[in-house]
Amino acid sequence: MAQIVATTPGLYPLPDWAKDELSHLKGHQKEDLISGNETGDIATTYARARSEVLERQQTAGLDRIVEGQLRWDDMIAHPLTVHDNVETGGIVRYYNNNNFYRDPVVQGELTPDGDVAAELDAASEQVESGLQAVLPGPYSLADLATDRYYGDDAAFLEAVANFLAGEVEQFPEVDTLFLLEPSLVENAPGDGTDERASEAIDSVAQATDADVVVHPYWGALEEKVYAHLLDADIDAVGFDLVSDHESNVYNAQEYGTTDDVALGIVDGQNTLVETPEELRERIDWFEDQTAGEYGTIYATTNTETFYLPVNKFEAKLDALANAADLEEVTA
Amino acid sequence: MTGPRDQFRQPDHPNDHFILTSVVGSYPKPKWHDRARELFEDEDANFDAAAWEESKDDASRLITQEHERCGLDTICDGEMRRNEMVEYFAERIDGYEFNGRVKVWGHNYFDKPSIASEVEYGEQWLVDEYEFTASVAERPVKVPITGPYTLARWAFVEAYEDTETAAYELAELVNEEIEQLVEAGCKYVQIDEPALAQHEDDHAIVGECLERITAGIPDDVRLGIHVCYGDYSRIYPEMLDFPVHEYDLELANGDYEQLDVFKEHEFTKDLALGVTDVHTAEAESVETIKENIRKGLEVVPPEQLTVSPDCGVKLLPREVAYGKMANMVTATREIEAELDDGTIEVPARSGPASADD
């Protein structure tokens, strides 16, 4: 029987007090967003907020603990927008949401800078076991950025993958690495690029001994993209069962899956709080439909959770943790 | 000409041509009015509900008259009683609940409500606002109202299967509100649907909402829709089927890059053209605005043209907002005079578009 591991893809909402304090300390304009070398009160405020969300996950009883990515003003584009060789352009829309981020314009070599590793170092002081790293997958990060240095798409994707791999090498010990790949759904790679996207993911995955979960969301992968993704040496593929359970289960039935899977079963963009029993039913449904014998099933929200108000976000963490602890529901 | 528009022409209008000037809605709040809200929300301050009502009345009167001083043909009170375009309505509609702020970008947040149970008409939304504004105004009052699609899309929909279902239920409530506004004497209503610009594929849902909204509304009530910051090629010309008279579109911000979209197919309704950019904190000159108005004449003839800012101007410094409105009216009157003299051409008349409607 599969082990159910309750986790999240990170990118949490800031606690409300931190929204106020950071608004006050940083400001509201484009030029006030995170630079990556913040100090003083801003750094202290983020550290307090990080500590609070780490503790909240531990209280909920989640099996994997994320750092929370509270500094990621630009959502999953963050690792580039704070980079020295990246300039930030205009404010652009974040996928199909009423959210916006600074367009990262790459102007020079993408050397690893340890920004995300430093966050994980800080988190590791408070997390004895189950620490999970979160990064954008190389395809999505390249998709969200503008390249003014590498010259062609293939070279840029490879450079972004090398940058992420270099970042991963600086991480402290983590149990799991979630690579968020919404662009694989939202801006699906065409012929050739689909294979390169898989190779890019593979090269990031090679950089760690941790279990690597590649988590696409906002729908299901196109069949070819899915098939190529399975060629990468990764431990689990994610399925967003909230936004499109039928197509996702079809992919799993038609092409098989990795030995472990991640199931997006909690809606990260709606305040309606699922019960643990409902969540457990969704897991059981996927197992039944795919007749899979999984080692580990990561039970997670389908998307990042910064879309939610804090009270509902916390209620969903509790529901996820409780769902993982429920005895298997017999149909 | 389309729709009931001549009723907004002032008796002393100086030119034969008449291009309607209007606003989208919001206007910068006077600092003392913001301070009054803070005091009202501060439990320790000795500032009661009556004092807050007085502040709202004073601000509404002030901005209504400020709009009239600009010379606008149709005015509103700059939404002095409203806090935010979704929150204001969600606070009044039964079924919504607020759980806390969510991020829009950076440290800009929105108290995004949840539709937690079936929506029902609660307390009145805008009738008091309209009646007060009309009582202090000498010119016709336009009422902007957030549309049902945006009220659903910019909320968490819990109680309905999807955004579409919620939007149709909300459309019935908007219809009820407009009926009450019309009963109170309102002749000009603008449905604000900014969410359409982010979800262009949903234009048929917005169209169906508008069918519900406009059912039973008398023909002499002018109805418009406002959309901003979108890819108009994805909703045009389909949007011309919406049961409204006027389309208020942001175009100055994009420097009229999308203007050609509207030339490929005859613009059969009225175009309310954004002629000042609400994201530049400097009033455009009369000459610049005149050039912008002439862009509108490439799409429609003057009798189908309304002139307005791109969007609500509430984020601008108040003196800049005033300068933009005043220059906009001056520019419009000068264009009208030049049309009277025949010194400027109307490209829309010579093109495929005609004003036969």
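These numbers come from the heavy atoms of this one structure, side chains and all, not from hydrogens, waters or symmetry mates. All values reported here derive from a predicted model rather than from experimental measurement. Lettering of chains follows the sequences in order, A, B, ..., and the numbering in each one begins at 1.
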(message) Around atom CD of B:E161, are there more than 12 heavy atoms from other residues, nucleotides or ligands closer than 6.0 Å?
(response) no
(message) Below 4.5 Å, heavy-atom pairs only: which of B:E97, B:K112, B:E158 has the largest tally toward chain A?
(response) B:E158
(request) Answer whether the closest heavy-atom distance between the side chains of A:E274 and A:D267 falls below 4.5 Å. (result) yes
(message) I'd like to verify something: which residue of A:L272, A:N99, A:T271 has the highest number of heavy-atom pairs under 4.5 Å with chain B?
(response) A:T271
(request) Identify the residues of residues 22-39 of chain A whose heavy atoms come closer than 4.5 Å to a heavy atom of chain B, ordered by number, or report 'none'. (result) A:L22, A:S23, A:K26, A:G27, A:H28, A:Q29, A:K30, A:L33
(message) Can you tell me which of B:K103, B:Q198, B:H199 forms the most heavy-atom pairs within a distance under 4.5 Å of chain A?
(response) B:Q198
(request) Flag the one option from B:V102, B:N99, B:D111, B:N108 with the top tally of heavy-atom pairs under 4.5 Å to chain A. (result) B:N99
(message) I'd like to know if A:R71 and A:D115 make a salt bridge, using a cut-off of under 4.0 Å between side-chain N and carboxylate O.
(response) yes
(request) Determine, using ring centers only, whether A:Y12 and A:F306 are less than 6.0 Å apart. (result) no
(message) Is A:R102 close to chain B through its backbone or its side chain, or both, or neither, when contacts mean heavy atoms under 4.5 Å?
(response) neither
(request) Between chain B and each of A:N96, A:N97, A:L14, A:V310, count heavy-atom pairs under 4.5 Å; write down the option with the most. (result) A:N96
(message) Salt bridge or not between B:E193 and B:R153? Use side-chain N to carboxylate O under 4.0 Å.
(response) no
(message) Can you tell me if A:Q107 has over 12 outside heavy atoms packed within less than 6.0 Å of its CD?
(response) yes
(message) According to salt bridge (charged side-chain N to carboxylate O under 4.0 Å, His left out), who are the partners of B:E169, at least two apart in sequence or on a separate chain?
(response) none
(request) May I ask you to check whether A:W218 and A:Y95 place their ring centers less than 6.0 Å from one another? (result) yes
(message) Would you say the ring centers of B:W52 and B:F47 fall short of 6.0 Å from each other?
(response) no
